[in-house]
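The sequence lines fix the lettering, A, B, ..., with proteins before strands; numbering per chain opens at 1. Below, all heavy atoms of this structure are taken into account, side chains as well, without hydrogens, waters or symmetry copies.
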Amino acid sequence: MTRARPTRPQDWLATRGWRPFPFQRTVWRAVAEGESGLLHAGTGAGKTHAVWLAALARFADPAAAAPLTVLWLTPMRALASDTERALAEPMAALAPGWTLGLRTGDTGSAERARQARRLPSALITTPESLSLLLARADARAALRSVRMVVVDEWHELLGNKRGVQVQLALARLRQWNPTLLTWGLSATLGDLAHASAVLLGGATGRLVEGRSDRLPQIDTLLPARPERFPWAGHLGLRMLPALITELEAAGSSLVFLNTRSQAERWYQALLEARPDWAGLIALHHGSLDREVRDWVEQGLKQGRLKAVVCTSSLDLGVDFSPVERVLQIGSVKGVARLLQRAGRAGHAPGRRPRITLVPTHSLELIEAAAARQAAKAGQLEARRSPEKPLDVLVQHLVTVALGGGFRPETLLPEIRSTWAYRELADDEWQWALAFVRQGGPSLHAYPEYRRVAPDDAGDWRVPDAQVARRHRMGIGTIVSDAGVTVQFLRGGRLGTVEESFIARLRPGEAFLFAGRLLELVRVHGMVAYVRLAGGARAAVPRWNGGRMPLSTELADAMLAQLEHAAAGQLDSPELRCAAPLLSLQAAWSALPGRDTLLAESLRSREGWHLFLYPFAGRQVHLGLASLLGWRLARQQPVTFSISVNDYGLELLSATAIDWPARLQPALFDDAGLLQDLLAGLNAGELAQRRFREIARISGLVFNGYPGAAKSARQLQASSSLFYEVFRQHDPDNRLLAQAEHEVLWQELEGQRLAETLATLRTRRLVHQALKRPTPFAFPLMVARFRERLGSEKLAERIARMLAELERAAGGEATTDVAASLAFEQPAAVAPPRRRRRP
DNA sequence: GACCTGCTGCGGCCTG
């Protein structure tokens with residue numbers, strides 16, 4: 001007996017033995033009624049089926065073929081192929097006439113040619129590839145049949161320029177089909193109303209929240225001897241034995257580290273401790289070659305691997321069903337990230353995700369308790385769309401000019417229909433038009449910057465084929481410097497390291513990379529040739545990546561935990577474990593809280609220290625420290641050394657300063673915040689670095705052809721040339737202003753800084769004169785030394801501080817930082833600088 | 001060229 005072919009979403013689910021969740025029915029109804037919306041649910045909750053079955057039910061005629069009807073955007077290529085598999089089965093059943101296709105940078109030329117003739121009924125693609133479709137001369141004809149767009153992992157795109165690119169593309173598609181449905185899928189997101197408004201361009205839509213019964217289990221791996229757990233340090237290798245025990249007990253696990261360099265070291269340490277795990281554990285981060293990473297990802301999917309040591313390269317929603325357990329070494333920095341990472345485990349039905357936090361120093365014990373509390377309370381970070389980034393707009397203008405041309409008067413309302421450009425001013429619009437037309441006042445003599453021009457009919461187009469080609473090659477908003485490729489002599493590529501790292505190595509010297517010990521043979525162009533090396537002493541590459549500050553949500557939760565502790569409520573294993581440290585802090589000074597601002601002053605051989613603990617994340621502390629330093633120096637000439645971390649800041653003066661007398665409310669004033677901040681920091685330099693990205697997105701700087709990528713140095717040179725030229729000959733260039741704006745509001749988190757100042761003004765100042773550095777002050781001092789001293793001197797220095805501390809604590813060992821740092825900074829952290837040749 | 005703990009993501013040309 002043959003069962004009837006399913007024709008409704010629930011029928012299809014039934015063929016799999018599944019019953020629909022209520023939220024899935026809600027989505028089906030909404031789509032059937034022609035509504036757009038945002039679907040928010042944890043990973044593995046069934047979002048894909050909710051939206052896809054709804055789309056098939058509404059748009060597919062089982063008996064007929066269909067032109068391009070559904071666009072499915074994903075932020076990652078690896079997700080695209082996963083998605084293709086997930087969509088194929090229901091489509092075969094519910095819409096046998098439909099075709100499904102994939103279009104990313106990986107798509108081969110045969111498939112591309114096929115798509116050029118005829119696009120599939122549903123196309124899975126990335127924001128960048130969608131923009132490339134918009135740049136086709138026949139874009140309108142090819143895309144006007146689209147009736148629904150699904151944006152997967154919208155939380156990942158919303159807060160950055162890639163998301164703005166998506167906003168612009170959606171506006172374009174809506175222009176061609178005003179009844180277009182848009183659905184966003186998101187997990188781990190704070191402000192859903194904003195996320196929805198940005199996606200729908202201000203139109204209202206349906207907000208659907210999925211199952212929330214999958215709150216992960218969150219626990220902490222506690223140090224065996226809390227009283228000897230270090231006060232500072234980030235690598236945390238002393239937790240290695242405990243971690244190994246956990247891995248032994250679990251099935252497949254992911255071990256997250258915050259930096260690539262740390263991941264390399266942990267992987268190596270695991271292998272040294274458990275040589276029998278060779279081949280069973282693997283390493284995964286963003287600087288490893290694609291092939292290496294693909295192999296690891298396949299191994300995870302097939303359940304071949306016991307553990308993978310990784311960075312946020314494995315954050316996103318690829319479904320690794322065999323993964324049972326996630327461990328996070330070091331601060332997770334935010335609640336959303338915690339849940340995102342936890343969601344990598346327990347993908348199979350009936351299993352609950354579990355994440356174990358592994359602290360690397362004592363304060364992270366408190367952070368772990370705070371993270372669990374905040375996750376339970378659902379205090380997730382919001383992400384906000386950038387406001388009218390003109391570099392993205394300029395790129396989009398050229399894209400649209402290529403995609404059939406535009407008329408300014410009809411394009412402007414379309415652009416303003418996006419959330420990001422809803423307040424685009426007329427003069428900004430005119431500036432952008434002039435910029436694509438002739439590059440602005442300083443570049444009008446150069447034909448390559450006359451990219452777009454109105455034709456006789458008044459349509460703005462790209463007349464030059466060379467400009468068109470370069471533009472297509474440069475589409476996108478992700479800017480990264482080319483690294484030096486690390487490659488075996490026989491050809492196998494391992495990945496990339498930074499130029500500056502390789503430049504300091506000599507041939508014959510060894511370094512640790514891609515989980516192997518390598519000997520540098522020679523460097524040729526942008527390729528470093530290596531062979532496997534023996535021996536033990538090796539440098540570990542460091543990459544210059546981003547710096548994630550502790551989120552406001554997590555920092556606030558941490559202050560709440562400290563208040564618990566101050567009230568004697570040691571109501572979690574983490575707090576009990578941190579009790580020795582907390583009581584020492586309370587005895588020597590006080591515990592920071594939400595209503596007070598703790599200020600500690602200390603006189604040492606180094607000078608006059610001030611420690612403050614606003615708990616606002618390291619970027620804000622950096623801004624705050626330079627602001628305070630600048631304002632103090634204006635009253636009395638003095639210079640400060642500054643040190644910051646996610647919890648607080650230190651100002652150190654070599655000359656006498658009466659801290660209690662100087663800590664006046666006026667220091668925390670709002671007035672003149674920006675000017676003082678710009679003056680206190682080297683803002684010009686920061687802006688110039690920021691401008692590099694803007695120059696590339698706006699198409700000023702060409703990245704070069706693939707395979708012959710320009711070196712970071714070359715690109716840097718050309719972007720700083722533009723920066724200088726604009727400053728001298730075109731100071732009103734809006735891209736310059738954008739660079740400054742991004743430095744202030746994104747890099748330095750200006751908004752959060754202003755909010756922090758406002759809160760600090762309401763807090764009661766509690767001043768403590770210290771005899772010795774407290775557990776909270778100590779990491780700040782260590783961070784400052786680390787910046788100045790080599791690792792050997794650093795260890796000596798810390799040993800001396802420790803001896804002093806131990807004496808102070810009455811001979812009782814309070815901490816073990818020196819031992820931990822000596823352990824954590826083996827042989828050579830970085831290779832010695834190469835001597836300059838005469 | 002600075003950073004030292006410091007993430008992630010995509011895309012593309014010419015060869016007849």
Could you check how far CZ of R784(A) sits from C1' of dC4(B), rounded to whole Å?
-> 16 Å
Atom CD of E693(A) to atom P of dG11(B): distance rounded to whole Å?
-> 18 Å
Heavy-atom count around R469(A) CZ within 6.0 Å, excluding the residue itself: above 12?
-> yes
Mark yes or no for whether R752(A), through its side chain, and A616(A), through its backbone, hold a donor-acceptor pair below 3.5 Å.
-> yes
For the pair made of CD in Q165(A) and C1' in dG11(B), what is the distance, rounded to whole Å?
-> 10 Å
Grab the N/O contacts between the protein and nucleotides 6-10 of chain B below 3.5 Å, and write none if there aren't any.
unit_1  : atom_1 : unit_2  : atom_2 : d
dG6(B)  : O6     : R618(A) : NH1    : 2.5
dG6(B)  : O6     : R618(A) : NH2    : 3.3
dG6(B)  : N1     : R618(A) : NH1    : 3.2
dG6(B)  : N2     : K333(A) : NZ     : 3.2
dC7(B)  : OP1    : R260(A) : N      : 3.4
dC7(B)  : OP1    : R260(A) : NE     : 3.1
dC7(B)  : OP2    : R260(A) : NH2    : 2.5
dC7(B)  : OP2    : G545(A) : N      : 2.5
dC7(B)  : O3'    : T311(A) : OG1    : 3.3
dC7(B)  : O2     : S312(A) : OG     : 2.8
dT8(B)  : OP1    : G286(A) : N      : 2.7
dT8(B)  : OP1    : T311(A) : OG1    : 2.3
dT8(B)  : OP2    : R260(A) : NE     : 3.1
dT8(B)  : OP2    : R260(A) : NH1    : 3.4
dG9(B)  : OP1    : R293(A) : NH2    : 2.4
dG9(B)  : O3'    : P75(A)  : O      : 3.4
dC10(B) : OP1    : R77(A)  : N      : 2.7
dC10(B) : OP1    : R77(A)  : NE     : 3.4
dC10(B) : OP2    : R77(A)  : NH2    : 3.4
dC10(B) : O3'    : T126(A) : OG1    : 3.4

Check salt bridge (charged side-chain N to carboxylate O under 4.0 Å, His left out) between E364(A) and all other residues, then give those that pass, not counting sequence neighbours.
-> none
Upstream residue (5' side of DNA chain B) when N645(A) and G474(A) are each assigned their closest nucleotide = N645(A)
Between R692(A) (CZ) and dG1(B) (P), how many Å, whole number?
-> 10 Å
At under 4.0 Å, does any side-chain N or O of R112(A) touch on OP1 or OP2 of dG11(B)?
-> no
If we take the P atom in both dG12(B) and dG16(B), what is their distance in whole Å?
-> 22 Å
Atom CD of E111(A): over 12 foreign heavy atoms under 6.0 Å = yes
Separation of the C1' atoms in dC10(B) and dG6(B), to the nearest angstrom = 22 Å
Side chain of E264(A), backbone of G515(A): donor and acceptor closer than 3.5 Å?
-> yes
Side-chain (D315(A)) to main-chain (Q340(A)) donor-acceptor, under 3.5 angstrom = no
Between CG of L686(A) and C1' of dA2(B) the distance, given in whole Å, is 11 Å
Any donor-acceptor pair under 3.5 Å from R784(A) side chain to I642(A) backbone = no
Take atom C1' in dC7(B) and the same atom in dC3(B), then report the distance between them in whole Å.
-> 16 Å
Distance in angstrom units between R689(A) CZ and dG1(B) C1', rounded | 8 Å
When we call it a touch if two heavy atoms are under 4.0 Å apart, what does L132(A) touch: a base, just sugar-phosphate, or nothing?
-> sugar-phosphate
